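Since the structure comes first, as C-alpha coordinates, the remarks are kept for the end.
Predicted, not measured: the structure shown is a model, and the values here were computed from it. Below, chain A is the first sequence line, B the second, and so on; all start at residue 1.
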Amino acid sequence: MSAAAEALRSASVATAAPLLRLAGVGKTYRRGVAALGGVDLDIAAGGFVTLLGPSGCGKSTLLRIIAGLTEPSAGERRWAGGAAAPRRGEIGFVFQEPTLMPWATVEGNIYLPLRLAGLSRAEAAPRITEAIAAVGLEGFARAYPRELSGGMRMRVSIARALVTRPRLLLLDEPFAALDEITRLKLNEDLLRLWESEGWTVVFVTHSVFESVFLSQRIVVMTPRPGRVAAELSIDLPYPRETALRMTAEYGAWCRTVSERLAAAMAPHASGTAAG
Amino acid sequence: MNGAARRIARILAPVLVGILVLAAWEAVVRIEGIPRYILPGPILVAETLWTEGPSLLGSLLVTLRITAAALAAAAILGGAIAILFARSRLLELSLFPYAVILQVTPIISIAPLIIIYVQNTFLALLLCAWIVSFFPIVSNTTLGLNSADRNLLALFRLYGASRWQVLRHLRLPTALPYFLAGLRISGGLSLIGVVVAEFTASTGGTETGLASRLIEASYRLEIPRLFAALVLLSLTGIAIYWALSLLSWLLLRRWHESALPETE
(Lines give C-alpha, C1' and ligand atoms only; values in the text may rest on other atoms or scores of the structure.)
Protein backbone atom coordinates (compact mmCIF):
# COMPACT_ATOMS: atom_id res chain seq x y z
CA MET A 1 0.00 0.00 0.00
CA SER A 2 1.67 3.21 -1.15
CA ALA A 3 1.15 6.54 0.49
CA ALA A 4 -0.34 7.90 -2.73
CA ALA A 5 -2.96 5.18 -2.92
CA GLU A 6 -3.73 5.75 0.73
CA ALA A 7 -4.29 9.44 0.09
CA LEU A 8 -6.50 8.67 -2.91
CA ARG A 9 -8.63 6.34 -0.83
CA SER A 10 -8.94 9.01 1.90
CA ALA A 11 -10.10 11.50 -0.69
CA SER A 12 -12.78 9.17 -2.02
CA VAL A 13 -14.13 8.56 1.49
CA ALA A 14 -14.11 12.26 2.29
CA THR A 15 -16.23 13.03 -0.77
CA ALA A 16 -19.06 10.84 0.53
CA ALA A 17 -21.79 12.97 2.08
CA PRO A 18 -20.84 13.76 5.66
CA LEU A 19 -23.48 12.87 8.20
CA LEU A 20 -21.76 14.63 11.02
CA ARG A 21 -18.90 17.06 11.34
CA LEU A 22 -16.93 17.63 14.52
CA ALA A 23 -15.03 20.90 14.60
CA GLY A 24 -12.47 21.51 17.32
CA VAL A 25 -14.34 19.37 19.82
CA GLY A 26 -12.64 19.41 23.22
CA LYS A 27 -13.66 18.23 26.63
CA THR A 28 -12.22 19.26 29.96
CA TYR A 29 -13.88 17.80 33.02
CA ARG A 30 -14.66 19.88 36.07
CA ARG A 31 -11.73 18.41 37.97
CA GLY A 32 -9.51 19.92 35.30
CA VAL A 33 -8.78 16.67 33.50
CA ALA A 34 -8.52 17.35 29.78
CA ALA A 35 -10.00 14.33 28.03
CA LEU A 36 -10.14 15.69 24.51
CA GLY A 37 -7.99 18.40 23.02
CA GLY A 38 -9.68 19.65 19.89
CA VAL A 39 -10.89 16.97 17.49
CA ASP A 40 -11.80 17.69 13.86
CA LEU A 41 -13.58 14.78 12.26
CA ASP A 42 -16.05 14.16 9.46
CA ILE A 43 -18.25 11.12 9.71
CA ALA A 44 -19.39 10.05 6.25
CA ALA A 45 -22.92 8.71 5.86
CA GLY A 46 -22.94 4.95 5.59
CA GLY A 47 -19.32 4.60 6.59
CA PHE A 48 -17.63 2.41 9.16
CA VAL A 49 -15.21 4.51 11.20
CA THR A 50 -13.14 3.24 14.08
CA LEU A 51 -11.65 5.40 16.80
CA LEU A 52 -8.47 3.61 17.84
CA GLY A 53 -6.37 4.65 20.78
CA PRO A 54 -4.99 3.69 24.17
CA SER A 55 -7.17 3.50 27.26
CA GLY A 56 -8.07 6.90 28.58
CA CYS A 57 -7.45 8.77 25.33
CA GLY A 58 -10.93 10.20 25.36
CA LYS A 59 -12.35 8.05 22.57
CA SER A 60 -15.32 7.03 24.71
CA THR A 61 -15.85 10.68 25.62
CA LEU A 62 -15.82 11.54 21.93
CA LEU A 63 -18.42 8.84 21.28
CA ARG A 64 -20.63 10.19 24.06
CA ILE A 65 -20.32 13.69 22.61
CA ILE A 66 -21.41 12.35 19.22
CA ALA A 67 -24.38 10.69 20.92
CA GLY A 68 -25.27 13.89 22.72
CA LEU A 69 -24.81 12.26 26.11
CA THR A 70 -21.95 14.58 27.01
CA GLU A 71 -21.64 18.24 26.08
CA PRO A 72 -18.28 19.31 24.63
CA SER A 73 -16.54 22.11 26.51
CA ALA A 74 -15.09 23.45 23.25
CA GLY A 75 -15.93 23.18 19.57
CA GLU A 76 -19.16 21.88 18.09
CA ARG A 77 -20.79 18.99 16.31
CA ARG A 78 -22.86 19.72 13.25
CA TRP A 79 -25.29 17.38 11.57
CA ALA A 80 -25.51 17.12 7.80
CA GLY A 81 -27.16 20.06 6.12
CA GLY A 82 -27.14 22.06 9.33
CA ALA A 83 -29.94 19.86 10.66
CA ALA A 84 -30.59 19.84 14.38
CA ALA A 85 -29.77 16.88 16.56
CA PRO A 86 -31.27 13.67 15.22
CA ARG A 87 -34.64 12.56 16.48
CA ARG A 88 -34.75 9.93 19.14
CA GLY A 89 -34.17 6.44 17.89
CA GLU A 90 -31.93 7.71 15.09
CA ILE A 91 -28.86 6.98 17.18
CA GLY A 92 -28.13 3.56 18.62
CA PHE A 93 -25.54 3.09 21.35
CA VAL A 94 -23.82 -0.10 22.46
CA PHE A 95 -21.76 0.03 25.65
CA GLN A 96 -18.77 -2.05 26.66
CA GLU A 97 -21.01 -3.89 29.09
CA PRO A 98 -24.23 -5.36 27.68
CA THR A 99 -26.13 -2.91 29.96
CA LEU A 100 -29.32 -4.95 29.98
CA MET A 101 -32.16 -4.67 32.46
CA PRO A 102 -31.82 -7.88 34.51
CA TRP A 103 -35.54 -7.91 35.36
CA ALA A 104 -36.61 -7.95 31.72
CA THR A 105 -36.46 -10.78 29.20
CA VAL A 106 -34.51 -10.57 25.95
CA GLU A 107 -37.74 -9.44 24.33
CA GLY A 108 -38.40 -6.85 27.03
CA ASN A 109 -34.92 -5.41 26.75
CA ILE A 110 -35.15 -5.07 22.99
CA TYR A 111 -38.61 -3.54 23.33
CA LEU A 112 -37.27 -0.75 25.56
CA PRO A 113 -36.39 1.90 22.93
CA LEU A 114 -39.74 1.37 21.19
CA ARG A 115 -41.60 1.42 24.49
CA LEU A 116 -39.97 4.73 25.39
CA ALA A 117 -41.09 6.02 22.01
CA GLY A 118 -44.67 5.12 22.89
CA LEU A 119 -45.17 1.98 20.80
CA SER A 120 -47.41 -0.70 22.23
CA ARG A 121 -46.11 -4.21 22.65
CA ALA A 122 -48.26 -5.39 19.76
CA GLU A 123 -47.03 -2.65 17.43
CA ALA A 124 -43.44 -3.37 18.38
CA ALA A 125 -43.66 -7.17 18.17
CA PRO A 126 -42.72 -7.61 14.49
CA ARG A 127 -39.71 -5.35 14.84
CA ILE A 128 -38.58 -7.11 18.01
CA THR A 129 -38.81 -10.46 16.25
CA GLU A 130 -36.86 -9.03 13.34
CA ALA A 131 -34.13 -7.65 15.62
CA ILE A 132 -33.85 -10.95 17.47
CA ALA A 133 -33.46 -12.76 14.16
CA ALA A 134 -30.88 -10.24 12.95
CA VAL A 135 -28.54 -11.08 15.81
CA GLY A 136 -29.28 -14.81 15.66
CA LEU A 137 -31.06 -15.19 19.01
CA GLU A 138 -34.20 -16.97 17.78
CA GLY A 139 -35.65 -19.09 20.55
CA PHE A 140 -34.26 -16.90 23.35
CA ALA A 141 -36.94 -14.19 23.31
CA ARG A 142 -38.22 -15.15 26.76
CA ALA A 143 -34.86 -15.83 28.39
CA TYR A 144 -33.53 -13.53 31.08
CA PRO A 145 -30.09 -11.93 30.69
CA ARG A 146 -28.63 -14.03 33.50
CA GLU A 147 -29.48 -17.17 31.52
CA LEU A 148 -27.33 -16.04 28.58
CA SER A 149 -23.60 -16.14 27.90
CA GLY A 150 -21.57 -12.93 27.64
CA GLY A 151 -21.61 -13.07 23.85
CA MET A 152 -25.37 -13.60 23.71
CA ARG A 153 -25.94 -10.68 26.08
CA MET A 154 -23.93 -8.49 23.77
CA ARG A 155 -26.08 -9.70 20.88
CA VAL A 156 -29.17 -8.58 22.82
CA SER A 157 -27.51 -5.22 23.35
CA ILE A 158 -26.89 -4.89 19.62
CA ALA A 159 -30.46 -5.97 18.82
CA ARG A 160 -31.75 -3.28 21.18
CA ALA A 161 -29.63 -0.69 19.36
CA LEU A 162 -30.82 -1.71 15.91
CA VAL A 163 -34.52 -2.15 16.71
CA THR A 164 -35.20 1.55 16.13
CA ARG A 165 -33.50 1.31 12.70
CA PRO A 166 -30.97 4.00 13.60
CA ARG A 167 -29.04 6.01 11.06
CA LEU A 168 -26.02 6.19 13.30
CA LEU A 169 -24.76 3.31 15.42
CA LEU A 170 -22.18 4.04 18.10
CA LEU A 171 -20.28 1.18 19.72
CA ASP A 172 -17.98 1.72 22.70
CA GLU A 173 -15.53 -1.20 22.88
CA PRO A 174 -18.50 -3.58 22.74
CA PHE A 175 -16.49 -6.79 22.44
CA ALA A 176 -13.56 -5.95 24.73
CA ALA A 177 -14.82 -8.10 27.60
CA LEU A 178 -15.56 -11.16 25.44
CA ASP A 179 -13.40 -14.16 24.70
CA GLU A 180 -11.45 -14.29 21.44
CA ILE A 181 -13.69 -16.78 19.62
CA THR A 182 -16.88 -14.93 20.47
CA ARG A 183 -15.29 -11.61 19.55
CA LEU A 184 -14.24 -12.77 16.08
CA LYS A 185 -17.69 -14.16 15.41
CA LEU A 186 -19.40 -10.97 16.56
CA ASN A 187 -17.05 -8.89 14.41
CA GLU A 188 -18.21 -10.75 11.33
CA ASP A 189 -21.86 -10.59 12.33
CA LEU A 190 -21.59 -6.86 12.94
CA LEU A 191 -20.11 -6.32 9.47
CA ARG A 192 -22.86 -8.40 7.88
CA LEU A 193 -25.50 -6.29 9.67
CA TRP A 194 -23.77 -3.07 8.70
CA GLU A 195 -23.79 -4.08 5.06
CA SER A 196 -27.46 -5.05 5.12
CA GLU A 197 -28.83 -2.26 7.33
CA GLY A 198 -26.92 0.67 5.89
CA TRP A 199 -26.02 2.34 9.17
CA THR A 200 -23.24 4.77 9.71
CA VAL A 201 -21.03 3.15 12.33
CA VAL A 202 -18.59 4.73 14.75
CA PHE A 203 -16.75 2.00 16.61
CA VAL A 204 -14.38 2.53 19.52
CA THR A 205 -11.67 -0.02 20.24
CA HIS A 206 -8.11 -0.38 21.46
CA SER A 207 -7.51 -3.45 19.33
CA VAL A 208 -5.54 -2.90 16.12
CA PHE A 209 -6.69 -6.23 14.66
CA GLU A 210 -10.32 -5.50 15.32
CA SER A 211 -10.06 -2.02 13.82
CA VAL A 212 -8.42 -3.25 10.62
CA PHE A 213 -10.88 -6.10 10.18
CA LEU A 214 -13.94 -3.91 10.60
CA SER A 215 -13.24 -0.43 9.33
CA GLN A 216 -13.29 1.55 6.14
CA ARG A 217 -11.52 4.25 8.05
CA ILE A 218 -9.42 4.23 11.21
CA VAL A 219 -8.91 7.36 13.26
CA VAL A 220 -5.82 6.91 15.45
CA MET A 221 -5.94 9.00 18.60
CA THR A 222 -3.18 10.27 20.91
CA PRO A 223 -3.13 9.69 24.67
CA ARG A 224 -4.99 12.19 26.83
CA PRO A 225 -5.89 14.82 25.93
CA GLY A 226 -7.04 12.91 22.85
CA ARG A 227 -6.45 14.35 19.42
CA VAL A 228 -6.53 12.83 15.98
CA ALA A 229 -3.01 11.54 15.29
CA ALA A 230 -3.68 9.86 11.94
CA GLU A 231 -6.48 8.78 9.66
CA LEU A 232 -6.17 5.68 7.52
CA SER A 233 -8.51 4.26 4.92
CA ILE A 234 -8.47 0.51 4.85
CA ASP A 235 -8.96 -0.62 1.25
CA LEU A 236 -9.62 -4.28 1.98
CA PRO A 237 -12.74 -5.34 0.06
CA TYR A 238 -16.03 -6.20 1.73
CA PRO A 239 -17.57 -8.60 2.57
CA ARG A 240 -14.76 -9.42 4.95
CA GLU A 241 -14.71 -12.90 6.41
CA THR A 242 -12.48 -15.08 8.55
CA ALA A 243 -10.20 -15.93 5.65
CA LEU A 244 -9.20 -12.28 5.43
CA ARG A 245 -7.37 -12.57 8.73
CA MET A 246 -4.90 -14.97 7.12
CA THR A 247 -4.01 -12.75 4.17
CA ALA A 248 -0.81 -10.76 3.72
CA GLU A 249 -2.77 -7.57 3.01
CA TYR A 250 -4.54 -7.81 6.33
CA GLY A 251 -1.21 -8.43 8.06
CA ALA A 252 0.34 -5.46 6.31
CA TRP A 253 -2.49 -3.19 7.36
CA CYS A 254 -2.22 -4.38 10.95
CA ARG A 255 1.47 -3.51 10.89
CA THR A 256 0.83 -0.07 9.40
CA VAL A 257 -1.87 0.74 11.93
CA SER A 258 0.27 -0.56 14.80
CA GLU A 259 3.10 1.72 13.67
CA ARG A 260 0.79 4.70 13.52
CA LEU A 261 -0.58 3.88 16.95
CA ALA A 262 2.95 3.54 18.35
CA ALA A 263 3.85 6.88 16.79
CA ALA A 264 0.76 8.47 18.34
CA MET A 265 1.73 7.05 21.72
CA ALA A 266 5.27 8.48 21.56
CA PRO A 267 5.51 11.68 23.62
CA HIS A 268 6.84 13.86 20.76
CA ALA A 269 3.96 12.88 18.50
CA SER A 270 1.27 14.54 20.55
CA GLY A 271 2.55 18.01 19.72
CA THR A 272 2.32 17.51 15.97
CA ALA A 273 -1.02 15.77 16.07
CA ALA A 274 -3.06 18.90 16.45
CA GLY A 275 -2.16 20.18 12.99
CA MET B 1 -20.68 -32.48 52.25
CA ASN B 2 -22.85 -32.88 49.17
CA GLY B 3 -25.99 -30.89 48.45
CA ALA B 4 -28.58 -33.21 49.94
CA ALA B 5 -26.58 -33.82 53.13
CA ARG B 6 -26.07 -30.09 53.57
CA ARG B 7 -29.79 -29.43 53.17
CA ILE B 8 -30.64 -32.05 55.79
CA ALA B 9 -27.97 -30.69 58.14
CA ARG B 10 -29.34 -27.20 57.73
CA ILE B 11 -32.69 -28.30 59.10
CA LEU B 12 -31.53 -31.03 61.44
CA ALA B 13 -28.74 -29.15 63.23
CA PRO B 14 -30.83 -26.27 64.62
CA VAL B 15 -33.70 -28.63 65.46
CA LEU B 16 -31.31 -30.84 67.44
CA VAL B 17 -29.93 -27.83 69.31
CA GLY B 18 -33.49 -26.73 70.11
CA ILE B 19 -34.46 -30.17 71.43
CA LEU B 20 -31.31 -30.36 73.56
CA VAL B 21 -31.92 -26.93 75.09
CA LEU B 22 -35.57 -27.71 75.82
CA ALA B 23 -34.61 -31.06 77.36
CA ALA B 24 -31.99 -29.41 79.55
CA TRP B 25 -34.51 -26.75 80.60
CA GLU B 26 -37.11 -29.38 81.52
CA ALA B 27 -34.48 -31.39 83.38
CA VAL B 28 -33.25 -28.41 85.41
CA VAL B 29 -36.81 -27.41 86.33
CA ARG B 30 -37.63 -30.94 87.49
CA ILE B 31 -34.36 -31.75 89.28
CA GLU B 32 -34.16 -28.41 91.05
CA GLY B 33 -37.91 -28.40 91.72
CA ILE B 34 -38.31 -24.80 90.51
CA PRO B 35 -41.86 -23.58 91.21
CA ARG B 36 -44.06 -22.85 88.18
CA TYR B 37 -44.56 -19.21 89.12
CA ILE B 38 -40.81 -18.67 88.71
CA LEU B 39 -39.85 -20.88 85.76
CA PRO B 40 -42.24 -23.38 84.15
CA GLY B 41 -40.76 -26.22 82.13
CA PRO B 42 -41.33 -26.38 78.37
CA ILE B 43 -43.87 -29.17 78.71
CA LEU B 44 -46.02 -27.05 81.00
CA VAL B 45 -45.67 -24.09 78.60
CA ALA B 46 -46.83 -26.31 75.74
CA GLU B 47 -49.82 -27.49 77.78
CA THR B 48 -50.72 -23.91 78.64
CA LEU B 49 -50.39 -22.92 75.01
CA TRP B 50 -52.82 -25.73 74.17
CA THR B 51 -55.42 -24.86 76.82
CA GLU B 52 -55.14 -21.07 76.65
CA GLY B 53 -54.55 -21.10 72.91
CA PRO B 54 -58.06 -20.11 71.77
CA SER B 55 -58.25 -17.08 74.05
CA LEU B 56 -54.69 -16.01 73.27
CA LEU B 57 -55.38 -16.41 69.56
CA GLY B 58 -58.09 -13.74 69.76
CA SER B 59 -55.58 -11.32 71.24
CA LEU B 60 -53.02 -12.34 68.66
CA LEU B 61 -55.47 -11.37 65.91
CA VAL B 62 -55.83 -7.89 67.42
CA THR B 63 -52.04 -7.50 67.45
CA LEU B 64 -51.71 -8.92 63.96
CA ARG B 65 -54.30 -6.56 62.51
CA ILE B 66 -52.43 -3.51 63.78
CA THR B 67 -49.09 -4.96 62.70
CA ALA B 68 -50.34 -5.60 59.18
CA ALA B 69 -51.87 -2.12 58.92
CA ALA B 70 -48.67 -0.51 60.20
CA LEU B 71 -46.54 -2.53 57.79
CA ALA B 72 -48.80 -1.63 54.87
CA ALA B 73 -48.62 2.05 55.84
CA ALA B 74 -44.84 1.79 56.17
CA ALA B 75 -44.57 0.17 52.75
CA ILE B 76 -46.84 2.65 50.99
CA LEU B 77 -45.76 5.85 52.75
CA GLY B 78 -42.13 4.73 53.03
CA GLY B 79 -42.04 3.95 49.33
CA ALA B 80 -43.68 7.27 48.48
CA ILE B 81 -41.27 9.23 50.67
CA ALA B 82 -38.35 7.42 49.03
CA ILE B 83 -39.64 8.36 45.59
CA LEU B 84 -39.91 12.00 46.68
CA PHE B 85 -36.38 11.84 48.09
CA ALA B 86 -35.02 10.34 44.89
CA ARG B 87 -36.86 12.97 42.90
CA SER B 88 -35.59 15.95 44.84
CA ARG B 89 -32.17 16.03 46.43
CA LEU B 90 -33.17 19.18 48.35
CA LEU B 91 -36.18 17.43 49.86
CA GLU B 92 -33.99 14.50 50.87
CA LEU B 93 -31.39 16.79 52.45
CA SER B 94 -34.04 18.70 54.37
CA LEU B 95 -36.11 15.79 55.63
CA PHE B 96 -33.77 12.84 55.97
CA PRO B 97 -32.23 14.02 59.27
CA TYR B 98 -35.70 14.12 60.80
CA ALA B 99 -36.44 10.63 59.60
CA VAL B 100 -33.22 9.58 61.33
CA ILE B 101 -34.22 11.38 64.55
CA LEU B 102 -37.58 9.66 64.49
CA GLN B 103 -35.80 6.37 63.95
CA VAL B 104 -33.22 6.68 66.73
CA THR B 105 -35.59 8.00 69.40
CA PRO B 106 -36.70 4.95 71.41
CA ILE B 107 -40.36 4.32 70.66
CA ILE B 108 -40.95 3.43 74.30
CA SER B 109 -40.28 7.08 75.18
CA ILE B 110 -42.66 8.54 72.58
CA ALA B 111 -45.42 5.97 72.90
CA PRO B 112 -46.99 7.49 76.05
CA LEU B 113 -47.28 10.87 74.33
CA ILE B 114 -48.83 9.37 71.22
CA ILE B 115 -51.32 7.47 73.31
CA ILE B 116 -52.29 10.67 75.09
CA TYR B 117 -52.62 12.75 71.91
CA VAL B 118 -54.24 10.17 69.65
CA GLN B 119 -57.60 9.24 71.13
CA ASN B 120 -58.33 6.24 68.94
CA THR B 121 -56.35 3.33 70.38
CA PHE B 122 -56.07 1.52 67.09
CA LEU B 123 -54.64 4.62 65.41
CA ALA B 124 -52.28 5.34 68.31
CA LEU B 125 -50.85 1.82 68.18
CA LEU B 126 -50.66 2.01 64.42
CA LEU B 127 -48.73 5.26 64.57
CA CYS B 128 -46.23 3.85 67.08
CA ALA B 129 -45.61 0.79 64.94
CA TRP B 130 -45.33 2.91 61.82
CA ILE B 131 -42.70 5.18 63.36
CA VAL B 132 -40.56 2.16 64.19
CA SER B 133 -40.99 0.43 60.86
CA PHE B 134 -41.02 3.02 58.09
CA PHE B 135 -37.34 3.98 58.25
CA PRO B 136 -35.73 0.83 56.80
CA ILE B 137 -38.10 1.05 53.85
CA VAL B 138 -37.37 4.73 53.22
CA SER B 139 -33.63 4.39 53.54
CA ASN B 140 -33.36 1.15 51.53
CA THR B 141 -35.70 2.26 48.77
CA THR B 142 -33.98 5.64 48.43
CA LEU B 143 -30.68 3.84 48.01
CA GLY B 144 -32.25 1.52 45.42
CA LEU B 145 -33.84 4.34 43.43
CA ASN B 146 -30.46 6.06 43.26
CA SER B 147 -28.63 2.87 42.27
CA ALA B 148 -29.85 2.69 38.68
CA ASP B 149 -27.11 1.63 36.25
CA ARG B 150 -25.42 4.78 34.92
CA ASN B 151 -25.20 3.42 31.39
CA LEU B 152 -28.87 2.47 31.40
CA LEU B 153 -29.68 6.00 32.56
CA ALA B 154 -27.63 7.31 29.62
CA LEU B 155 -29.51 4.99 27.31
CA PHE B 156 -32.87 6.22 28.60
CA ARG B 157 -31.68 9.77 28.00
CA LEU B 158 -30.55 8.88 24.49
CA TYR B 159 -34.02 7.61 23.70
CA GLY B 160 -35.60 10.74 25.13
CA ALA B 161 -37.28 9.06 28.11
CA SER B 162 -39.37 11.28 30.39
CA ARG B 163 -38.70 11.39 34.13
CA TRP B 164 -41.79 9.29 34.66
CA GLN B 165 -40.54 6.67 32.20
CA VAL B 166 -37.13 6.58 33.90
CA LEU B 167 -38.88 6.07 37.24
CA ARG B 168 -41.34 3.50 35.98
CA HIS B 169 -39.06 1.42 33.78
CA LEU B 170 -35.65 1.85 35.40
CA ARG B 171 -35.55 3.27 38.94
CA LEU B 172 -38.49 1.33 40.40
CA PRO B 173 -37.38 -2.09 39.13
CA THR B 174 -33.83 -1.37 40.30
CA ALA B 175 -35.17 -0.41 43.73
CA LEU B 176 -37.45 -3.43 44.13
CA PRO B 177 -34.87 -5.75 45.78
CA TYR B 178 -33.82 -2.92 48.12
CA PHE B 179 -37.46 -2.19 48.99
CA LEU B 180 -38.14 -5.86 49.71
CA ALA B 181 -35.05 -6.09 51.94
CA GLY B 182 -36.35 -3.06 53.83
CA LEU B 183 -39.80 -4.61 54.07
CA ARG B 184 -38.34 -7.74 55.66
CA ILE B 185 -36.71 -5.66 58.38
CA SER B 186 -39.83 -3.55 58.82
CA GLY B 187 -42.05 -6.61 59.23
CA GLY B 188 -40.34 -7.58 62.47
CA LEU B 189 -40.11 -3.96 63.60
CA SER B 190 -43.85 -3.36 63.13
CA LEU B 191 -44.59 -6.24 65.45
CA ILE B 192 -42.13 -4.88 68.02
CA GLY B 193 -43.67 -1.43 67.64
CA VAL B 194 -47.19 -2.73 68.27
CA VAL B 195 -46.07 -4.76 71.29
CA VAL B 196 -44.25 -1.76 72.81
CA ALA B 197 -47.26 0.46 72.22
CA GLU B 198 -49.63 -2.13 73.70
CA PHE B 199 -47.42 -2.34 76.78
CA THR B 200 -47.75 1.39 77.20
CA ALA B 201 -51.47 1.48 76.48
CA SER B 202 -52.25 -1.76 78.30
CA THR B 203 -54.78 -0.29 80.71
CA GLY B 204 -57.18 1.17 78.15
CA GLY B 205 -59.10 -0.43 75.34
CA THR B 206 -61.66 -3.22 75.23
CA GLU B 207 -59.93 -5.30 72.57
CA THR B 208 -56.63 -6.30 74.08
CA GLY B 209 -53.67 -7.44 72.06
CA LEU B 210 -51.18 -10.12 72.91
CA ALA B 211 -48.84 -7.72 74.73
CA SER B 212 -51.60 -6.69 77.13
CA ARG B 213 -52.19 -10.35 77.91
CA LEU B 214 -48.48 -10.71 78.55
CA ILE B 215 -48.49 -7.89 81.06
CA GLU B 216 -51.67 -9.13 82.66
CA ALA B 217 -50.10 -12.56 83.08
CA SER B 218 -46.98 -11.07 84.62
CA TYR B 219 -49.03 -9.04 87.14
CA ARG B 220 -50.86 -12.17 88.17
CA LEU B 221 -47.64 -14.21 88.23
CA GLU B 222 -49.19 -16.61 85.70
CA ILE B 223 -45.77 -17.35 84.35
CA PRO B 224 -46.77 -20.37 82.18
CA ARG B 225 -49.33 -18.14 80.40
CA LEU B 226 -46.70 -15.45 80.01
CA PHE B 227 -44.40 -17.95 78.38
CA ALA B 228 -47.23 -19.21 76.15
CA ALA B 229 -47.94 -15.66 74.98
CA LEU B 230 -44.23 -15.13 74.44
CA VAL B 231 -43.96 -18.27 72.32
CA LEU B 232 -46.94 -17.16 70.28
CA LEU B 233 -45.38 -13.74 69.77
CA SER B 234 -42.08 -15.24 68.62
CA LEU B 235 -43.85 -17.58 66.24
CA THR B 236 -45.75 -14.62 64.81
CA GLY B 237 -42.51 -12.72 64.24
CA ILE B 238 -41.00 -15.73 62.50
CA ALA B 239 -44.13 -16.17 60.38
CA ILE B 240 -44.04 -12.51 59.31
CA TYR B 241 -40.38 -12.76 58.36
CA TRP B 242 -40.99 -15.99 56.52
CA ALA B 243 -43.98 -14.61 54.62
CA LEU B 244 -42.06 -11.52 53.54
CA SER B 245 -39.08 -13.64 52.49
CA LEU B 246 -41.44 -15.74 50.40
CA LEU B 247 -42.92 -12.61 48.84
CA SER B 248 -39.43 -11.36 48.06
CA TRP B 249 -38.45 -14.67 46.51
CA LEU B 250 -41.63 -14.81 44.40
CA LEU B 251 -41.02 -11.33 43.02
CA LEU B 252 -37.30 -11.73 42.38
CA ARG B 253 -36.81 -15.38 41.53
CA ARG B 254 -36.68 -14.84 37.78
CA TRP B 255 -33.85 -12.34 37.73
CA HIS B 256 -32.24 -11.24 40.98
CA GLU B 257 -29.02 -12.77 42.30
CA SER B 258 -30.39 -12.99 45.85
CA ALA B 259 -33.14 -15.37 44.77
CA LEU B 260 -30.86 -17.69 42.82
CA PRO B 261 -28.96 -20.71 44.06
CA GLU B 262 -25.24 -20.10 44.43
CA THR B 263 -24.28 -22.57 41.73
CA GLU B 264 -26.39 -23.50 38.76
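Options A/Gln96, A/Arg160, A/Arg115 differ in how many heavy-atom pairs under 4.5 Å they form with chain B, and the most are formed by A/Arg115. For the set A/Pro102, A/Ala67, A/Ala104, the count of heavy-atom pairs under 4.5 angstrom toward chain B peaks at A/Pro102. The choice from B/Arg150, B/Gln165, B/Glu257 that makes the most heavy-atom pairs within less than 4.5 Å of chain A is B/Gln165.
A heavy-atom distance below 4.5 Å is not found between the side chains of B/Leu251 and A/Trp103. A/Leu116 has its side chain within reach of B/Phe156: a pair of non-hydrogen atoms, C-beta onward, lies under 4.5 Å apart. Side-chain contact between A/Glu97 and B/Asp149 is absent, with no heavy-atom pair separated by less than 4.5 Å.
At a 4.5 Å heavy-atom cutoff, A/Thr70 makes no contact with chain B through either its backbone or its side chain. When heavy atoms are compared at a cutoff of 4.5 Å, B/Asn151 approaches chain A by way of both its backbone and its side chain. The part of A/Tyr144 that comes within reach of chain B is its side chain, from C-beta onward, which places non-hydrogen atoms under 4.5 angstrom from that chain. For B/Thr174, the parts lying near chain A are the backbone and the side chain together; criterion is any non-hydrogen pair under 4.5 Å. Contact of B/Leu252 with chain A is not made at all, since no heavy-atom distance falls under 4.5 Å. Residue B/Arg253 touches chain A through its backbone alone, counting heavy-atom pairs closer than 4.5 Å. Contact annotation for A/Leu112: only side-chain heavy atoms (C-beta onward) come within less than 4.5 Å of a heavy atom of chain B. For A/Arg64, the part lying under 4.5 angstrom from a heavy atom of chain B is the side chain only.
Between the side chain of B/Arg157 and the backbone N or O of A/Leu69, at least one donor-acceptor pair lies under 3.5 Å. In this structure, the side chain of A/Arg146 engages the main chain of B/Arg254 through a donor-acceptor pair within 3.5 Å.
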Side chain to side chain contact (heavy atoms under 4.5 Å, CB included), that's the test. Do A/Phe95 and B/Leu155 meet it? Break it down for me. CA-CA 9 Å; A/Phe95 297 90; B/Leu155 199 75; 3.7 Å; yes
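Of the inter-residue distances, the one linking A/Leu114 atom CG with B/Tyr159 atom OH reads 8.5 Å to the nearest 0.5 angstrom.
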